[in-house]
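This is a predicted model, so every value here is computed, not measured.
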Amino acid sequence: MFELVHITINSAAQANVFGLANITISYFDIILAYLVAIIVSILIALILRVPLLPGKPMRYSFDVSAVYPTPIIAIGIFSLFLVLNYTFMYNGLVLAVIIGVCSGLFVKYLFNYIFPSPIEGDDGDE
Amino acid sequence: MGMNEIIGIIFATVICWLNFVIVDTYFGLPEQPGVKGARIIGESIKKRNGDIAGGFFQGNILCSPDASAGTLMASIGYLLLGIPGGILAAFLVFIGNRLCADPGYAGTTGALTATILIFIFSFIGLTPEMFIVGMVIAILTIQGIDQVRASIILGKIADKFNRHAKE
């Protein structure tokens with residue numbers, strides 16, 4: 001059943017289309033770089049006075065905060081570089097720090113401009 | 001190699017179903033409709049003797065990417081790029097959520113938990129393809145076969161999590 005999928009994906013992978021199995025740094029380095037990206041992004045957000053947690057009620061809050069979505073953006077962008085095997089110096093650590101700083105800055109200064117919260121009473125309910 | 005495909009798909013369906021229903025219910029999809037469309041779907045299901053909380057759940061699933069979309073995207077990302085692909089899927093689901101007037105907690109959490117689950121179950125031979133098929137079957141059981149009966153089951157689960165709609 002999956003034969004066609006496997007042939008397609010494997011031939012694409014061999015041609016490095018998807019960057020599959022393209023990552024040349026070790027598992028330990030990958031995990032370390034992810035942790036560094038998460039921690040640096042949270043720290044930068046906190047230094048820029050982004051609140052640690054979203055406002056209440058938490059499940060419906062559109063506020064940006066240090067724990068959400070800052071690390072999601074950081075590890076998402078870092079994954080993109082990782083699968084393209086562009087890990088830069090020190091096994092990706094420098095890149096992780098740069099991306100962490102950038103996502104902290106993005107959340108503080110650009111996020112609400114690019115993704116504004118929905119207008120109350122317009123399309124949203126309650 | 002690996003497990004029998006049919007048995008694997010059944011396993012993956014159950015795992016995907018539990019993953020997205022638990023994450024969505026926890027983040028309050030049955031509690032209130034995020035947009036007008038979700039309210040209309042919920043009220044239509046209630047009119048057909050369904051459960052309003054289950055109806056809001058189904059409406060919210062339809063109107064913005066939630067944990068079900070997150071699970072599907074994470075499976076596809078995992079198939080293409082491994083664990084980084086699953087994380088990338090969470091990021092993309094988050095952007096999709098924000099474009100759909102949804103704060104996105106359910107979608108991103110669902111994608112990340114799905115990535116972890118696919119990694120864990122890869123050790124017993126479940127492949128990401130099985131999770132893609134499993135997720136499509138799982139969403140079919142919620143939206144496709146019998147919406148009214150599905151809404152009653154979802155309403156009971158919402159009660160257990162103390163997330164039933166107040167109205």
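We find the CD1-CZ distance between A:Ile77 and B:Phe91 to be 3.5 Å, quoted to the nearest 0.5 Å. In this structure, B:Thr108 OG1 and A:Ile73 CD1 are separated by 10.5 Å, a value rounded to the nearest 0.5 Å. Taking CZ of A:Phe115 as the reference point, atom CG of B:Asn97 lies at 10.5 Å (rounded to 0.5 Å).
Within the 4.5 angstrom heavy-atom criterion, only side-chain atoms of A:Tyr34, from C-beta onward, approach chain B. Within the 4.5 angstrom heavy-atom criterion, no atom of A:Phe81 approaches chain B.
Interface summary for chain A: among B:Leu92, B:Leu112, B:Asp102, B:Leu99, the most heavy-atom pairs under 4.5 angstrom belong to B:Asp102.
In the hydrophobic cluster analysis, where Ile, Leu, Val, Met, Phe, Trp and Tyr join through side-chain heavy atoms closer than 4.5 angstrom, B:Val14 is grouped apart from B:Ile145. Hydrophobic clustering (side-chain heavy atoms under 4.5 Å, transitive across Ile, Leu, Val, Met, Phe, Trp, Tyr) keeps A:Leu43 apart from A:Leu48. Cluster annotation: A:Ile39 and A:Leu52 are assigned to distinct hydrophobic clusters (Ile/Leu/Val/Met/Phe/Trp/Tyr, side-chain heavy-atom contacts under 4.5 Å, transitive).
With a 6.0 Å radius and a threshold of 12 heavy atoms from other residues, nucleotides or ligands, B:Arg48 has its CZ atom above the threshold.
Summarising the geometry of B:Leu88 relative to A:Gly76, their closest heavy-atom pair is CD1-O, 3.1 Å, with the distance given to 0.1 Å.
The backbone N or O of A:Tyr68 sits nowhere less than 3.5 Å from a side-chain atom of B:Tyr105 that would complete a donor-acceptor pair.
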